[in-house]
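Right, one structure below, let's go through it.
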Amino acid sequence: QSALTQPASVSGSPDQSITISCTGTSSDIGTFRLVSWYQQHPGKAPKLLISEVTKRPSGVSDRFSGFKSGNTASLTISGLQAEDEADYYCCSYAGRSTWVFGGGTKLTVV
Amino acid sequence: QVQLRESGPGLVKPSETLSLTCTVSAASLSSYYWSWIRQPPGKGLEWIGYIYDDGSANYNPSLKSRITISADTSKNQFSLNLIAVTAADTALYYCARANASHAFDVWGQGTMVTVSS
């Protein structure tokens, strides 16, 4: 069970859009539509942003959207705001009652 | 709303056992995967394992030989035991709830555990 692959960092300017990729395998992302995304600010617990590839929990801004194609999932943040600066993690159910996380992506809003 | 709170020693000696408890408020231990997740300093998240409401549990294959997760429904708590710890087990340990969508929708605030003599 290997960690999902995310870029270490991405950056964008206010009001721009950015996309964070998350690459897995045919055993996890490729098989299950059970990809979730989390936002983590420094010193805070992760917060669920997206579940089941595209679904936003109540209270999460519609500026956050998810997508999946093949073994790769992605998170897009539109209309970047300073408060979006954080670490972002993808996660996939990997079958046999296991989960796997990505290594995390640091988003800088410049 | 549902709240989770981790508790346990912040310092564990190498080769000893790390034991943490997660207390669940405003919900019972039913119909969810009650999980442990850890984050080494400056690093990413790692899923450790879960216990389900029927008492079944499953663990990260890389840690499976050293982990036990159990639950005490009378106290609305679930616990993590990790044996034979090393410095590599130093991390911020979170308890979290995975829902029917297999997403972790509720998290504790985390508890830092340092393995050192």
Side-chain angles (χ1 to χ4, degrees), chain A residues 1-9 20 22 24 27-29 31-60 64 66 73 75 86-106, chain B residues 1-7 20 22 24-25 31-65 67 69 91-112:
Chain A
Q1 189 184 57
S2 299
L4 307 175
T5 300
Q6 298 181 234
S9 63
I20 300 171
C22 172
S27 298
D28 39 63
I29 293 177
T31 295
F32 303 100
R33 284 193 63 84
L34 295 172
V35 178
S36 51
W37 288 91
Y38 303 85
Q39 177 190 61
Q40 185 179 36
H41 286 109
K44 299 293 188 181
K47 171 190 173 183
L48 177 64
L49 292 178
I50 298 283
S51 65
E52 294 186 70
V53 179
T54 62
K55 297 179 180 180
R56 282 188 310 274
S58 173
V60 173
F64 296 92
L75 172 72
D87 294 327
Y88 291 84
Y89 292 90
C90 60
C91 180
S92 177
Y93 180 70
R96 299 186 179 183
S97 298
T98 64
W99 281 257
V100 61
F101 281 94
T105 298
K106 182 177 181 61
Chain B
Q1 74 265 18
V2 181
Q3 291 186 323
L4 307 180
R5 181 177 292 273
E6 305 88 351
S7 58
L20 297 174
C22 181
V24 180
S25 303
S31 304
Y32 293 98
Y33 300 90
W34 299 95
S35 305
W36 288 97
I37 295 162
R38 70 181 182 179
Q39 185 171 34
K43 296 188 177 180
L45 301 167
E46 179 182 34
W47 175 74
I48 297 172
Y50 76 83
I51 187 162
Y52 194 61
D53 66 351
D54 62 359
S56 61
N58 202 33
Y59 310 125
N60 187 318
S62 68
L63 299 168
K64 193 169 188 173
S65 63
I67 297 174
I69 297 177
L92 185 57
Y93 284 77
Y94 292 102
C95 57
R97 183 183 80 173
N99 59 22
S101 298
H102 291 69
F104 299 99
D105 61 349
V106 183
W107 294 69
Q109 84 279 9
T111 188
M112 184 66 200

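Because the structure is a prediction, the values reported are computed rather than measured. Naming convention: chains lettered A, B, ... in sequence-line order (proteins, then strands); numbering from 1 in each chain.
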Practice problem: If the plane angle is over 60° it's perpendicular, under 30° parallel, otherwise tilted; pick one for B/W47 and A/W99. | Solution: tilted
Self-check item: Spatial distance of atom CG (B/L45) from atom SG (A/C91) [nearest 0.5 Å]
Solution: 8.5 Å
Quiz prompt | Straight-line distance of A/F101 CZ to B/I37 CD1, nearest 0.5 Å | solution = 4.0 Å
Exercise. Would you name the heavy atoms of A/Y93 and B/H102 that are closest together and state the gap between them?
Key: CD1-CD2, 3.4 Å
Quiz item: Would you find more than 12 non-hydrogen atoms of other residues, nucleotides or ligands less than 6.0 Å from B/R5 atom CZ?
Solution: no
Quiz prompt | Within residues 58-65 of chain B, residues adjacent to chain A where the heavy-atom gap is under 4.5 Å | solution = B/N58, B/Y59, B/N60, B/P61
Quiz item: Considering only heavy atoms, which portion of B/Y94 lies under 4.5 Å from any heavy atom of chain A: side chain, backbone, both, or neither?
Solution: side chain
Self-check item: A/C90: partners by disulfide (SG to SG under 2.5 Å), with sequence neighbours left out
Solution: A/C22
Quiz item: Does any heavy atom of chain B fall under 4.5 Å from the side chain of A/R96, the backbone, both, or neither of them?
Solution: backbone
Quiz prompt | Segment of B/A98 engaging chain A (4.5 angstrom heavy-atom cut-off) | solution = side chain
Exercise. Please flag which part of A/Q40 lies under 4.5 Å from any non-hydrogen atom of chain B: side chain, backbone, both or neither.
Key: side chain
Exercise. Determine the minimum heavy-atom distance between A/L34 and B/S101, stating which atoms define it.
Key: CD2-O, 3.5 Å
Quiz item: What heavy-atom pair brings B/F104 and A/Y38 nearest, and what distance separates the two atoms?
Solution: N-OH, 2.7 Å
Quiz item: Where does A/K44 contact chain B at under 4.5 Å (heavy atoms): side chain, backbone, both or neither?
Solution: backbone
Practice problem: Mind ranking A/A3, A/P46, A/S92, A/A45 by heavy-atom pairs under 4.5 Å with chain B and telling me who comes out on top? | Solution: A/P46
